[in-house]
Amino acid sequence: MEKRMTVETGKKKKLTAGRRIGTREMVLCGVFTTLIAVGAFIKVPVPVVPFTLQFLFTMLAGLLLGARLGAMSVGVYILLGLCGIPIFAEGGGFWYILKPSFGYLLGFMLAAYVTGRLVERRGRLTTGWVMAVNFLGLFIVYAAGMIYYYMICNYVIDTPIALGPLFLYCFVLAVPGDICLCILAAILTIRVRPVFQKMTEEGLRK
């Protein structure tokens with residue numbers, strides 16, 4: 001019986017991976033793309049370095065929609081911004097790839113895929129486990145962001161920055177707020193994810 005359930009689960013995963021995106025999934029992607037855009041302008045006024053809710057929504061995209069749809073919602077947001085729609089924190093346009101902070105946007109998409117994949121492969125979720133996954137996503141975002149920041153500043157736009165100031169301003173001062181968002185995202189995921197799973201399963205049956 002257990003072997004049969006494993007086979008059926010494997011078939012379902014293959015079917016889900018190979019199927020086209022349905023209307024319900026497109027709507028969910030659109031919702032999260034909108035939330036990410038809005039989150040870029042919602043600033044939380046905390047001491048030293050205020051932060052936005054953008055990271056929260058990119059994280060929830062992967063945790064609630066899964067790897068493929070989560071990364072897609074972030075990717076659509078990035079493409080819309082590069083096309084000139086002013087949905088980035090400092091506007092929009094293809095020139096944005098020359099901004100040192102653009103690496104964080106790429107990190108958002110990669111983190112959404114990785115965290116979404118880990119959640120998909122896990123059966124029963126716990127707050128602690130999801131929190132650990134979120135911290136992995138946080139590491140991915142900051143690693144991508146800081147590497148891109150360093151490369152652009154030092155080799156493209158000729159505004160050199162040393163590793164010490166980079167680590168201080170792009171990590172130490174910025175990360176506390178995002179750690180809080182990791183905790184919040186874990187709590188929200190445990191409460192909300194069953195609803196998204198039910199909606200996805202209904203879409204598969206249709």
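Minimum heavy-atom separation, Met146 to Leu166: O-CD2, 3.8 Å. Across every non-hydrogen atom of Tyr113 and Ala71, the tightest pair is CB-CB, 3.9 Å. Contact between Val141 and Gly107 at its shortest, heavy atoms only, is CG2-O, 3.6 Å. Heavy atoms only, all atoms of each residue included: Cys182 and Met131 are closest at O-CG, 4.5 Å. Minimum heavy-atom separation, Ile161 to Cys153: CG2-CB, 3.8 Å. Summarising the geometry of Leu98 relative to Ile157, their closest heavy-atom pair is O-CG2, 3.9 Å, with the distance given to 0.1 Å.
For the pair Gln54/Val38, no side-chain contact is recorded, criterion being any heavy-atom separation below 4.5 Å from C-beta on. Using a 4.5 Å cut-off on side-chain heavy atoms (C-beta onward), Leu125 and Arg193 make contact. Between Phe102 and Ile152 the shortest side-chain heavy-atom distance does not fall below 4.5 Å.
Among the candidates Ile85, Leu80, Ile78, the single residue satisfying the side chain to side chain contact (heavy atoms under 4.5 Å, CB included) test with Leu82 is Ile78. Of the listed residues (Leu106, Val114, Thr115), just one forms a side chain to side chain contact (heavy atoms under 4.5 Å, CB included) with Ile140, and that residue is Val114.
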> Please walk me through it: do Thr52 and Phe41 pass side chain to side chain contact (heavy atoms under 4.5 Å, CB included)?
Replying inline: CA-CA 7 Å; Thr52 71; Phe41 298 96; over 6 Å; no

>> Test side chain to side chain contact (heavy atoms under 4.5 Å, CB included) on Trp129 and Val119; report intermediate values, then the result.
In response: CA-CA 9 Å; Trp129 189 86; Val119 168; 4.1 Å; yes

> Between Met72 and Thr33, is a side chain to side chain contact (heavy atoms under 4.5 Å, CB included) present by the stated rule, with each step listed?
Replying inline: CA-CA 9 Å; Met72 185 179 298; Thr33 298; over 6 Å; no

> What do the steps show when you test Leu138 against Asn134 for side chain to side chain contact (heavy atoms under 4.5 Å, CB included), and what is the final call?
Replying inline: CA-CA 6 Å; Leu138 181 68; Asn134 290 345; over 6 Å; no

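Between the CE atom in Met109 and the CD1 atom in Ile36 there is a gap of 11.0 Å [rounded to 0.5 Å]. The CD1 atom of Ile190 sits 9.5 Å away from atom CG of Leu63, with the distance rounded to the nearest 0.5 Å. Within the model, atoms OG1 of Thr127 and CD1 of Ile187 stand 6.5 Å from one another, a figure rounded to the nearest 0.5 Å. How far CZ of Arg68 is from CD of Glu25: 6.0 Å, rounded to the nearest 0.5 Å. Here the CG atom belonging to Asn154 is positioned 7.5 Å from the OG1 atom belonging to Thr159, to the nearest 0.5 angstrom. The OG1 atom of Thr58 lies 11.0 Å from the CG atom of Leu35; values are rounded to the nearest 0.5 Å.
Counting heavy-atom neighbours within 6.0 Å of Tyr149 OH, excluding the residue itself, gives a total of 12 or less. In this structure, Tyr104 places its OH atom where more than 12 heavy-atom neighbours from other residues, nucleotides or ligands lie under 6.0 Å away.
A ring pair (Phe, Tyr, Trp, His ring centres under 6.0 Å) check over residues 170-190, counting only residues at least two apart or in different chains, returns the pairs Tyr142-Phe171, Phe167-Phe171. Applying the ring pair (Phe, Tyr, Trp, His ring centres under 6.0 Å) rule to pairs touching residues 52-92 yields Tyr77-Phe88, Phe88-Tyr96, sequence neighbours excluded.
If you chain together hydrophobic residues whose side chains sit under 4.5 Å apart, Ile97 and Leu79 never meet in one group. A single hydrophobic cluster is not seen to contain both Ile179 and Phe139; linkage of ILVMFWY side chains at heavy-atom distances under 4.5 Å, directly or through other members, places them apart.
The ring-ring contact (aromatic ring centres under 6.0 Å, His included) search around Tyr150 returns none, not counting sequence neighbours.
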